[in-house]
Novice: 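One structure, pasted below without further comment.
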Amino acid sequence: MLKRMQSKEDIIKDQYMKTLTYFLQASTLYDCLSINNQVSVIDQSFSLFDVFNVFIETHIDEVLFWNPDVAYYDGVFTQTDLIRIILKCYQNTLNGIPNVWGNSKNQVQPIMEEEDEDRTSTPVNHTQAIGQEQINRFLIDLKTISVRDWFNSYGENLHQSSLVQADMADNLNDAIKKILKQGVTRIVVIDSESRVIVGILQQKDILAFLVKGFSQYFHLQLSQKSQKIEAQSENQQPSEQHELEISYFSEGILQLKDKLPFDTNVYDVFYKLIYVFKRNAIPIVDVNNQYLGLIDRRDFLFILKYQVYDMLNKQAIDLLNFIRIEKSKYAGFCICNKELFHMKQTVKEVVENLLLSSRGSLVCLNENKEPISTLQMSDLFKIFLDDIEIE
């Protein structure tokens, strides 16, 4: 049986993956750690309001909770957890349900335990706007309910199962495999001798390290080898593996085409991001399906920072306009921020732009300005790095 001839792109991709695998196996988690990977620790006795302020003031993506009973960390609390709590508190406030209760079987189950991907509606009456009295009660609950009380009330354990750990001497190849297998976006790095947590690595940290270190490693390998890619003729210049276009992976990328109309309720936007699409960001389109902007989970922090909780009952276009006004106050934001990509860009260019994106996501538009794909960092791990080899 004849084998299908490899295309030039197939050969480049194979060479690229081999070089990448060697680089990952030669690098450790310690190499990837930086000052930005320092651990933020909060006691479980902190109020929900205090925890939310930590996220707003320090611009972190997660904190570890300290459990004094066992003198160790009890789990990771992320921005997604923060949004879930606010959505649940908002729902409870509108429906007149206490935000903390006992373990009675007759009481309503929490949103975190009952959600289903196939649900098409949310348990909020959108015709009912939240009043000032309800907002006051909502804020009182946030300031008086501790993290421990909240999770105890809902029978949760601070997501201890999400505390995926690795030794800082482990190589990056094994760490990426663990991230993909566990389905997480971050990994807790442990000191080899003291077993103390020395940092938290996210997917974006690993990608940033790749952009910085892989180019140098790649060119070093080229200088040590005289071989050229077999598909090239004698008259052609050697193709660099960095010239591999993102379009090579278009089959997987073009499946990432979720979007929402401009008049979607803001509560629904974040609800669907977490429970239905399970994405970090979603494109918003107008009546002609043309791209208006991107709403990211991080944008929820604007609602918390300015305490505009009535925004949850407005349309997605209102939130987009609000975000634009706030970000326009920062002169350098539009200069360095990246939001779009196209299929002719190289993998290296797309990764670099992802790292420059304030949303950690990029949108691909067609000739009619319609979004055809939204790419986030975790997608690169699933589509691209899932092919890394282990000897």
Novice: Starting from Phe49, can I reach Val308 by hopping between I/L/V/M/F/W/Y residues whose side chains sit under 4.5 Å apart?
Specialist: yes
Novice: Report yes or no: is the cationic atom of Lys369 (NZ for Lys, CZ for Arg) under 6.0 Å from the centre of the six-membered ring of Tyr291, at an angle within 45° of the ring normal?
Specialist: no
Novice: Could you check whether any side-chain heavy atom of Leu210 comes within less than 4.5 Å of a side-chain heavy atom of Leu24, counting everything from C-beta outward?
Specialist: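 They are in contact (side-chain heavy atoms under 4.5 Å apart), so the answer is yes.
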Novice: Can you name the nearest heavy-atom pair linking Leu294 to Leu320, along with the distance?
Specialist: O-CD2, 3.7 Å
Novice: What heavy-atom pair brings Leu29 and Ala175 nearest, and what distance separates the two atoms?
Specialist: CD2-CB, 3.5 Å
Novice: Run the numbers on Phe277 and Tyr271 for side chain to side chain contact (heavy atoms under 4.5 Å, CB included), then give the verdict.
Specialist: CA-CA 9 Å; Phe277 303 134; Tyr271 180 96; over 6 Å; no
Novice: Does Val363 reach the side chain of Thr374, with side-chain heavy atoms less than 4.5 Å apart?
Specialist: yes
Novice: Using every non-hydrogen atom in the two residues, find where Phe52 and Ile85 come nearest and quote the distance to one decimal.
Specialist: CZ-CG2, 4.0 Å
Novice: For the residue pair Tyr90 and Tyr309, is the inter-centroid distance of their aromatic rings smaller than 6.0 Å?
Specialist: no
Novice: In sequence, state the C-alpha distance, the side-chain angles, and the governing distance for Lys178 and Ile187, and then conclude on side chain to side chain contact (heavy atoms under 4.5 Å, CB included).
Specialist: CA-CA 9 Å; Lys178 183 177 290 188; Ile187 194 164; 3.8 Å; yes
Novice: Main chain of Asp50, side chain of Ser47: is a donor-acceptor contact present, judged purely on distance under 3.5 Å?
Specialist: yes
Novice: Any side-chain donor-acceptor pair under 3.5 Å between Asn353 and Glu349?
Specialist: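 Asn353 vs Glu349: no donor-acceptor pair found between side chains.
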Novice: Any donor-acceptor pair under 3.5 Å linking the side chain of Thr28 with the backbone of Asp170?
Specialist: no
Novice: Is Leu319 close to Ile295 at the side-chain level, that is, under 4.5 Å between some pair of heavy atoms?
Specialist: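 Ile295 reaches Leu319 side chain to side chain.
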Novice: Could you tell me whether the side chain of Asp205 and the main chain of Gln202 form a donor-acceptor pair under 3.5 Å?
Specialist: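 Looks like yes, one N/O pair under 3.5 Å.
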Novice: Quick one, Asp174 with Asn171, criterion side-chain hydrogen bond (donor to acceptor under 3.5 Å, both in side chains). Give me CA distance, side-chain angles, the key distance, then yes/no.
Specialist: CA-CA 6 Å; Asp174 293 342; Asn171 67 63; 3.2 Å; yes
Novice: Would you say Phe322 and Tyr306 make side-chain contact, with heavy atoms under 4.5 Å?
Specialist: yes
Novice: With heavy-atom distances below 4.5 Å as the criterion, would you say the side chains of Phe341 and Ile253 are in contact?
Specialist: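 Yes - at least one pair of side-chain heavy atoms lies under 4.5 Å apart.
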Novice: Take atom CD in Glu193; do more than 12 heavy atoms of anything else shown fall under 6.0 Å from it?
Specialist: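 Open: at most 12 neighbouring heavy atoms sit under 6.0 Å from CD of Glu193.
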Novice: Report the distance from atom CG of Asn288 to atom CG of Asn368, rounding to the nearest 0.5 Å.
Specialist: 10.0 Å
Novice: Taking atom CG of Asp310 and atom CD1 of Ile303, what is their separation to the nearest 0.5 Å?
Specialist: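 It comes to 9.0 Å.
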Novice: At their closest point, which heavy atom of Pro261 faces which heavy atom of Ala316, and how far apart are they?
Specialist: O-CB, 4.3 Å
Novice: With sequence neighbours left out, what residues match Glu352 under salt bridge (Lys or Arg N to Asp or Glu O under 4.0 Å)?
Specialist: Lys348
Novice: Is Asp299 paired with Arg359 through a side-chain N to carboxylate O contact shorter than 4.0 Å?
Specialist: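 Yes, Arg359 and Asp299 are salt-bridged.
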Novice: Are Val39 and Val196 linked, directly or through intermediate hydrophobic residues, by side-chain heavy-atom contacts shorter than 4.5 Å (ILVMFWY only)?
Specialist: no
Novice: Decide salt bridge (charged side-chain N to carboxylate O under 4.0 Å, His left out) for Arg279 and Asp379; before the verdict, give the C-alpha distance in whole Å, the side-chain angles of both, and the deciding distance to 0.1 Å.
Specialist: CA-CA 10 Å; Arg279 305 284 292 169; Asp379 299 325; 2.8 Å; yes
Novice: Consider only side-chain N and O atoms of Asn289 and Lys259, and report whether a donor and an acceptor are under 3.5 Å apart.
Specialist: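 There is such a pair (donor and acceptor under 3.5 Å, judged by atom type) between the side chains of Asn289 and Lys259.
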Novice: Would you check, one step at a time, whether the test side chain to side chain contact (heavy atoms under 4.5 Å, CB included) holds for Phe138 with Ile86?
Specialist: CA-CA 9 Å; Phe138 177 74; Ile86 291 295; 4.0 Å; yes
Novice: Distance from Ile56 atom CD1 to Phe302 atom CZ, nearest 0.5 Å?
Specialist: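 Answer for the CD1-CZ pair, Ile56 versus Phe302, is 10.5 Å.
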Novice: Any side-chain to backbone donor/acceptor pair from Gln345 onto His342? Under 3.5 Å, distance only.
Specialist: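 Such a contact is found between Gln345 side chain and His342 backbone.
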Novice: Under the 3.5 angstrom rule, does the side chain of Asn152 hit a backbone N or O of Arg148 as a donor-acceptor pair?
Specialist: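 Yes: the side chain of Asn152 pairs with the backbone of Arg148.
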Novice: Apply the test side-chain hydrogen bond (donor to acceptor under 3.5 Å, both in side chains) to residues Thr80 and Arg297: give CA-CA distance (whole Å), side-chain angles for both, the deciding distance (0.1 Å), then the verdict.
Specialist: CA-CA 7 Å; Thr80 299; Arg297 294 187 188 189; 2.5 Å; yes
Novice: Hydrophobic clusters here meaning ILVMFWY residues chained together by side-chain heavy-atom distances under 4.5 Å, can you tell me if Ile145 and Ile140 are in one?
Specialist: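 Unlinked, Ile145 and Ile140 end up in two clusters.
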Novice: side-chain hydrogen bond (donor to acceptor under 3.5 Å, both in side chains), that's the test. Do Asn92 and Lys88 meet it? Break it down for me.
Specialist: CA-CA 6 Å; Asn92 287 344; Lys88 179 58 184 174; 3.2 Å; yes
Novice: Closer than 3.5 angstrom, by distance alone: can the side chain of Glu339 be matched with the main-chain N or O of Leu362 as a donor-acceptor pair?
Specialist: no
Novice: Regarding Asn280 and Ser361, do their side chains bring together a donor and an acceptor under 3.5 Å, going by distance alone?
Specialist: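 Not at all, the side chains of Asn280 and Ser361 share no donor-acceptor pair under 3.5 Å.
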Novice: Taking the side chain from Asn95 and the backbone from Gln91, do they hold a donor-acceptor pair closer than 3.5 Å?
Specialist: yes
Novice: What's the verdict on salt bridge (charged side-chain N to carboxylate O under 4.0 Å, His left out) for Arg186 and Asp61, showing C-alpha distance, side-chain angles and the deciding distance?
Specialist: CA-CA 10 Å; Arg186 55 182 55 80; Asp61 294 318; 5.7 Å; no
Novice: Evaluate the side-chain proximity of Leu201 to Leu33: yes if any heavy-atom separation is below 4.5 Å, no if none is.
Specialist: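 Yes, their side chains come closer than 4.5 Å.
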Novice: Check whether any side-chain heavy atom of Val347 lies under 4.5 Å from a side-chain heavy atom of Glu245, and answer yes or no.
Specialist: no
Novice: Can you measure from OG1 (Thr93) to CD (Glu133) and round to the nearest 0.5 angstrom?
Specialist: 11.5 Å
Novice: For Phe209 and Phe23, I'd like to know if the aromatic rings sit close, meaning centre-to-centre distance below 6.0 Å.
Specialist: yes
Novice: Check whether any side-chain heavy atom of Gln44 sits under 4.5 Å from a side-chain heavy atom of Asp149, and report yes or no.
Specialist: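 Sidechains of Asp149 and Gln44: no contact.
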Novice: Consider only side-chain N and O atoms of Glu370 and Asn366, and report whether a donor and an acceptor are under 3.5 Å apart.
Specialist: yes
Novice: Membership question, hydrophobic clusters at under 4.5 Å side-chain separation (ILVMFWY): are Leu256 and Leu365 in the same one?
Specialist: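 Different hydrophobic clusters.
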Novice: State, to 0.1 Å, how close Asp296 and Ala281 come at their nearest heavy-atom pair, and which atoms those are.
Specialist: OD1-CB, 3.7 Å
Novice: If you compare all heavy atoms of Leu354 against all heavy atoms of Leu375, which two are closest, and at what distance to 0.1 Å?
Specialist: CD2-O, 3.6 Å
Novice: After noting the C-alpha distance and the side-chain angles of Cys364 and Leu340, does the key distance pass the side chain to side chain contact (heavy atoms under 4.5 Å, CB included) rule?
Specialist: CA-CA 6 Å; Cys364 183; Leu340 303 177; over 6 Å; no
